[in-house]
Structures are given as C-alpha cells and as structure tokens.
Amino acid sequence: MKTIGYFLLFFVLAMIVIFLVIVMGEAAPWYFAWIIGTGLLILTSAAAGFLFDTQEEKSKGTPQ
Amino acid sequence: MINDTVVELSRWQFAATALYHFLFVPLTLGLTVFLAALETVYVVTGKPIYKEMTQFWAKLLLINFALGVATGLTMEFEFGTNWSFYSGFVGDIFGAPLAVEGLMAFFMESTMIGLMIFGWDRLSRGQHLIVTYLVALGSNLSALWILVANGFMQDPQGAVFNPVTMRMELESFTALIFSHDAQAKFVHTSIAGYVTAAIFVAGVSAFYLLRKRHMELAKRSFRMATIFGVLSTIGVITLGDALGFVGAHAQPAKIAAMEAMWKTEEAPAPFNLMAWPNQEKQENSWAIQIPYLLTPLLTHTMDTKIPGIAEIEASNALRIKSGIQAVEALKILSSNPSDAAAMAQFKAHEQDLGYGFLVKRYAPEQDVSKATDADIALAAKDTIPDVFAIYWTFRIMVGFAFLMLAFFIFGVIYSLRNDVENHPLFLRFSLWLIPVPFLACEMGWLTAELGRQPWTVYNLLPTWMSASSHSVSYMVFSLIGFVSLYSIFIIIEMYLMVRAIKQGPDDHHAVQKQDKNTSSGGSVLGGNYAPVHAKTLVNEQSKEV
Ligand code: HEM
C-alpha cells in the first residue's frame with residue numbers, strides 16, 4: 001500500500017513537472033535547455049550513486 | 001518517366017535501413033551520457049567499483065557503436081544512390097549538415113571512443129573523464145546534424161528555390177540549424193536515447209540481481225539508471241509535446257493524421273483517446289473521446305481552430321491549382337530565365353510550387369497545363385498521409401512513454417529503499433521492458449516519416465519526384481541485400497551483447513570482496529537514513545587504484 005502511495009505521489013509530481021515545462025516552453029530554446037538539462041541529469045544520476053554508497057556505509061555502520 | 005514501383009522500393013529500402021540503423025543509435029546516444037555520470041562518481045569518490053561499472057557498460061557501448069556505424073555508413077550514400085533528384089534539388093542545404101554529421105561521427109566520436117576504451121592506463125583520471133564527456137557530447141552532436149537535416153525535410157527553413165538554377169539554395173544557416181522543428185526534434189531524439197539506455201541498464205542489472213551475480217555493480221547501476229530514466233522520461237514527454245506543438249503549425253496534415261481528426265471541430269476539440277480510422281470513408285469506425293482535450297493539448301490554448309483532414313484536403317486542392325501556375329512559369333523560365341512575365345507569375349505562386357509538382361504525376365504526359373479537376377482531386381487526396389498507421393504508431397510511442405515513466409517511478413522507490421532485489425516479479429518485468437524504448441523509437445520515426453508523406457521536403461518536393469531512375473530488379477536485389485546484411489548485423493549484435501552480459505564485468509574480485517560484506521543497506525523512504533556530512537567518502541579500496 002505504502003509503495004502504491006509513493007508511486008501515486010511521484011507520478012502526480014512528474015505530471016505537474018511535465019505540465020509546468022509544457023506551459024513555460026512552447027518554442028523554447030531547446031538546444032540550450034538540452035545542454036543544461038543533460039549536465040544536470042549527469043549530476044543527479046551521479047548523486048544517486050553517492051546516495052547509494054552513503055546508505056551502504058550507514059547500514060554497515062561505517063563511521064562518517 | 002518515373003516508375004512508381006521504383007519509388008516504392010526506394011522508400012522501403014530507406015525505411016528498412018533507417019529502422020535497422022535506429023535500433024543501434026539510441027543506445028549509443030544514452031549510454032555515452034550514462035557513462036559520463038558513472039565516471040563522475042568514480043573520479044569524485046575514487047571507488048574502484050565505479051571504474052569497473054564504467055568499463056563494463058563501455059564494453060557494451062562499444063559493441064553497439066561499432067554496429068551502429070556500420071549500418072549508418074550506407075545510409076549516407078543512399079541519398080545519392082537512390083534519391084539522386086532529391087540530392088540535387090536540396091543538396092546545397094542537406095549536404096552541409098550531412099557532411100558535418102559524418103565528420104563528427106567518424107572523427108570526434110570515434111577518436112574519443114578509442115581514447116576512452118584504451119586510455120585508462122595512459123590518461124589521468126581527470127583527463128579520462130574529459131574524454132568520456134567528449135564521447136557523450138560527440139555522439140549526441142553527430143545526431144544533431146542529421147536531425148537538423150531531417151528537420152529541414154519536415155519544415156524547410158533557411159532556404160529558397162532559385163528559378164534560374166532550378167535548385168534550392170541556402171539562405172540562412174542559422175535559420176536552418178535553429179528552426180523550431182530541428183531544435184525540438186534533436187532534443188526529443190537525444191533524450192529518447194537516454195530513456196533507452198536507462199531501460200537497458202536497468203534491465204541488464206535486473207538480470208544480475210535475479211541471478212544474484214555482480215550484486216554491487218547491479219544495485220548501483222539500477223539506482224543510477226532509474227533516476228537517470230525517470231528524469232529522461234519526463235524530458236521525452238515534454239519534448240514530445242513541443243514537437244507536436246511545432247508540427248501543429250508546420251505540418252497540419254500530419255497532426256490531423258496523428259489525432260485521426262477527419263473534420264474540423266469547434267474549439268476546444270475532443271481528443272481521440274482510441275480510434276479506428278478508415279481512410280476510404282474518411283471517418284473513424286469507432287472512437288473513445290475525451291471532450292475538450294485536443295485543443296489545449298496541441299495548441300496550448302482553448303480557442304485555436306485545428307483543421308480536420310477534409311478541410312486540409314480542400315485547401316490543398318486550391319494550392320495545387322496555384323502550384324500549376326508556378327510550374328508553368330518555371331517551364332518558360334527554364335528556356336528563357338530573363339522572361340519578366342514568367343518570373344512575375346512564378347513569384348506570385350512560388351509558395352505553392354511543390355503542389356504543382358504533386359499533380360504532375362497524374363496529368364496527361366506529365367504536363368500540368370493539361371491536368372483535369374479529377375487529376376487535381378487525386379493529387380489533393382495524396383496530400384493526406386496514411387492516417388491509420390500514423391495514428392497508431394504515435395499512440396504506441398506515447399503509451400510506451402507512460403509505461404516507462406511508471407516503471408522508473410517504481411524502480412526509484414524500490415531502489416531508494418534498497419530492496420529491489422526482493423521483488424523478483426518487478427525485476428523480471430524490467431528484463432522484458434528492454435525492447436520497449438527501441439520499439440518506441442521506431443514508432444517515433446514511423447510517425448515522423450509516414451506523416452511527412454507525400455513529401456520528401458515538406459510542401460516543396462514530392463517523394464515521387466525524388467527517387468533515382470533505377471530498374472526494379474536493381475532495387476529488389478539491393479533491398480534484399482540490405483535486409484539480409486542488416487539482419488545478420490542484428491544477430492551479431494544480440495550474440496555479442498548476450499555473451500558480454502553473461503560474462504559480466506572483467507575484473508570482479510574487488511566487487512566479490514564487497515559482495516560478502518553487503519547487508520540490505522539503509523533506506524531513504526523507510527526513514528532509517530541519515531545524510532552524511534558533505535565530505536567525500538574515500539573507500540579504502542580506492543588506494544589500490
Ligand atoms: C508522450 C510521449 C511522447 C510524445 C507526445 C511524442 C511525440 C512525438 C512526435 C510528435 C513525433 C513526430 C515528430 C515529427 O513529426 O517530426 C515524435 C517522433 C519521435 N519520437 Fe516521440 N513522443 C513521445 C514519446 C517518445 C518516446 C518514449 C520515445 C523513445 C524512447 C520517442 C522517440 C521518438 C523518436 C525516435 C522520434 C523520431 C524522431 C523525431 O522526429 O524526433 N518518443 N515523437
């Protein structure tokens with residue numbers, strides 16, 4: 001149940017983000033958006049990796 | 001005299017080679033960017049597991065890249081061999097981006113990939129990271145140029161037809177590159193590649209998690225891929241909307257076909273969630289509609305009129321009549337370029353020139369001045385593409401987008417809780433999902449290219465005029481040759497990929513050591529997670545590197 005709750009929450013959030021971007025950028029400078037967006041995507045995915053390691057360290061009780 | 005069978009076969013050949021080629025491209029576009037993220041973590045944390053992950057996924061990228069280049073090479077030449085009239089007509093505009101694409105792919109991208117694969121022991125960490133970023137940039141930039149070229153075919157910007165040279169000439173390179181269609185198309189396609197890579201990495205990681213092999217690599221890859229994927233899917237949907245918005249202005253017939261909209265309806269028009277289009281009767285046999293939705297979805301307003309197919313066909317018949325005037329003037333100009341009256345007539349009807357070419361196909365002796373109303377009606381009918389195919393290929397692409405979004409959201413939730421390995425059904429589903437983004441990409445191309453018919457260059461050059469004058473037997477022979485060769489390439493790719501995946505990462509002793517110590521891990525969503533201080537964690541193993 002909790003998983004479904006989180007799913008719905010994240011799905012609604014995703015739809016709100018999509019809606020906002022659509023409303024804000026009809027014929028936007030997409031090349032520019034791509035460069036910035038790809039950079040942020042790389043950093044966010046990298047952050048997901050850091051977070052994983054942090055969780056692992058924490059669960060093993062490694063001092064931080 | 002142009003042979004319709006040769007034109008059809010040329011279309012089949014291009015479609016087949018392009019669709020095969022695009023089975024390789026999106027993974028390269030996305031995996032290179034994903035590698036940049038992986039290596040960033042390696043360089044920042046110094047943990048060898050991330051180096052191993054980067055090398056493993058780079059090995060799969062290399063297999064895919066090699067076959068992608070092999071299938072792409074032939075396509076560059078196909079424009080000249082099978083579409084020679086097209087190449088002559090728009091070569092000034094099309095040639096430049098195509099050449100830059102070739103240079104980018106074969107020099108920047110290939111060189112950087114070589115450095116990335118073989119440079120681990122020769123470059124410092126920082127230098128290698130820069131190379132990996134350049135691989136990501138290079139692969140996407142080479143796609144940019146071919147998409148700029150395709151953007152020109154969809155919405156020709158930055159060029160004019162010269163009635164003296166009888167060819168299109170480049171007027172503004174900036175307008176060509178920065179056209180709205182090219183911009184949205186490039187970003188949509190590039191991000192579609194990111195989504196493809198994310199599903200691929202998540203699926204292969206799920207395979208390892210199911211088999212309980214290479215767990216450290218698989219869990220980390222799965223985590224990063226799902227975050228990468230959820231953001232990319234949001235991006236691809238957003239840019240899909242932008243493409244539809246651009247198309248609504250530039251290609252009304254394609255948009256009407258994508259939405260199976262036969263008649264113009266009062267704004268705000270209803271959205272055909274599901275429909276069964278019947279081209280002959282120009283109606284939907286059945287449809288499930290959501291009232292008021294289409295107008296805001298397509299035009300981002302509530303009151304803009306969206307023309308239906310019947311209206312588009314009727315207005316195109318008028319454009320054909322005007323186009324006939326342009327073609328007739330052109331005939332005079334071809335023998336006497338200084339004829340002022342003919343030039344004035346041409347200028348007055350220039351914007352409909354392509355429509356004049358359309359009716360040539362049906363006019364007696366291909367002389368447009370002899371075209372009857374019946375010929376004009378036939379040519380006007382041709383301006384409506386295959387509604388059934390376009391409606392459904394578009395629907396499948398969009399359906400897959402939401403399926404993948406839902407998958408990634410579940411993936412992120414399970415991964416953040418660090419218990420994805422305890423959901424075997426979900427993991428199995430991840431594996432089954434691997435073909436989905438590839439199919440979505442193929443559907444996207446079918447939508448874009450079928451929707452552009454009957455034009456190779458929208459509103460300017462009809463497909464039937466664009467082909468070379470080969471014999472039917474030559475076309476059949478080369479089509480069979482290409483399909484057989486490319487099928488062999490696909491089999492080789494599958495074989496090499498499956499073998500490399502079964503083999504797993506080359507050096508996993510360090511990982512196995514970690515595997516033994518691994519417990520279930522903390523969970524962000526579960527609440528038993530506390531953020532660390534912002535200092536970099538340097539794993540003891542990093543000192544081994
Ligand atoms: C709600 C989701 C989506 C929408 C609204 C959408 C919209 C579109 C449109 C309108 C086109 C035609 C462009 C043209 O006429 O030139 C297109 C093409 C394409 N789409 Fe999508 N799309 C969506 C999702 C996806 C997904 C998930 C993928 C793949 C992972 C994808 C890959 C492609 C590709 C490869 C093309 C052909 C190249 C291009 O024209 O950009 N699309 N899409």
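So that the names make sense, note that chain A is the first sequence line, chain B the second, and so on, each numbered from 1. Nothing here was measured: the structure is a model prediction, and the numbers come from that model. The analysis underlying the following values was restricted to heavy atoms, covering all of them including side chains, and did not include hydrogens, waters or symmetry mates.
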Next on the checklist: For the backbone of Phe32(A) and the side chain of Gln183(B), can you confirm whether one donor and one acceptor N or O come within less than 3.5 Å of each other?
Outcome noted: no

Check: Is Tyr6(A) reaching over with its side chain to a backbone N or O of Phe410(B), donor-acceptor style, under 3.5 angstrom?
Finding: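 Flag not set: sc Tyr6(A) to bb Phe410(B) has no pair under 3.5 Å.
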
Minimum heavy-atom separation for [X] and [Y], please, with both atom names.
X        : Y         : result
Glu56(A) : Asn418(B) : OE2-ND2, 3.3 Å
Ala46(A) : Ala37(B)  : CB-O, 3.9 Å
Tyr31(A) : Val187(B) : N-CG2, 4.4 Å
Gly49(A) : Tyr50(B)  : O-OH, 3.2 Å

Chi angles and distances behind the side-chain contact (heavy atoms from CB on, under 4.5 Å) call for Val230(B), Phe10(A) = CA-CA 10 Å; Val230(B) 84; Phe10(A) 287 157; over 6 Å; no

Under a 4.5 Å heavy-atom cut-off, does chain A meet the side chain of [X], its backbone, both or neither?
X         : answer
Ile177(B) : both
Phe34(B)  : neither
Ala136(B) : neither
Ala406(B) : both

From [X] atom [atom1] to [Y] atom [atom2], the distance as rounded to the nearest 0.5 Å:
X         : Y        : atom1 : atom2 : result
Leu137(B) : Thr38(A) : CG    : OG1   : 9.0 Å
Leu243(B) : Trp30(A) : CG    : CH2   : 9.5 Å
Asp53(A)  : Ile49(B) : CG    : CD1   : 9.0 Å

Determine whether the aromatic ring centres of Phe186(B) and Trp34(A) lie less than 6.0 Å apart.
yes

>> One pair to check against side-chain contact (heavy atoms from CB on, under 4.5 Å): Leu41(A) and Ile227(B). What are the steps and the verdict?
In response: CA-CA 9 Å; Leu41(A) 180 65; Ile227(B) 294 282; over 6 Å; no

Quiz prompt | Lys/Arg N to Asp/Glu carboxylate O, Glu57(A) vs Lys47(B), below 4.0 Å | solution =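 Looking at Glu57(A) and Lys47(B), the cut-off is met.
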
Before giving the answer on side-chain contact (heavy atoms from CB on, under 4.5 Å), spell out for Phe19(A) and Asp241(B) the whole-Å C-alpha distance, their side-chain angles and the decisive distance to 0.1 Å. CA-CA 10 Å; Phe19(A) 178 75; Asp241(B) 172 83; over 6 Å; no

Among Thr44(A), Leu40(A), Ile4(A), single out the residue with the greatest number of heavy-atom pairs under 4.5 Å to chain B.
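Greatest number of close heavy-atom pairs with chain B: Thr44(A).
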
(request) Answer with yes or no whether the side chains of Thr3(A) and Arg417(B) bring together a donor and an acceptor at under 3.5 Å. (result) yes

Contact list (residues 11-18 of chain A to chain B, heavy-atom gap under 4.5 Å, by number) returns Phe11(A), Ala14(A), Met15(A), Val17(A), Ile18(A)

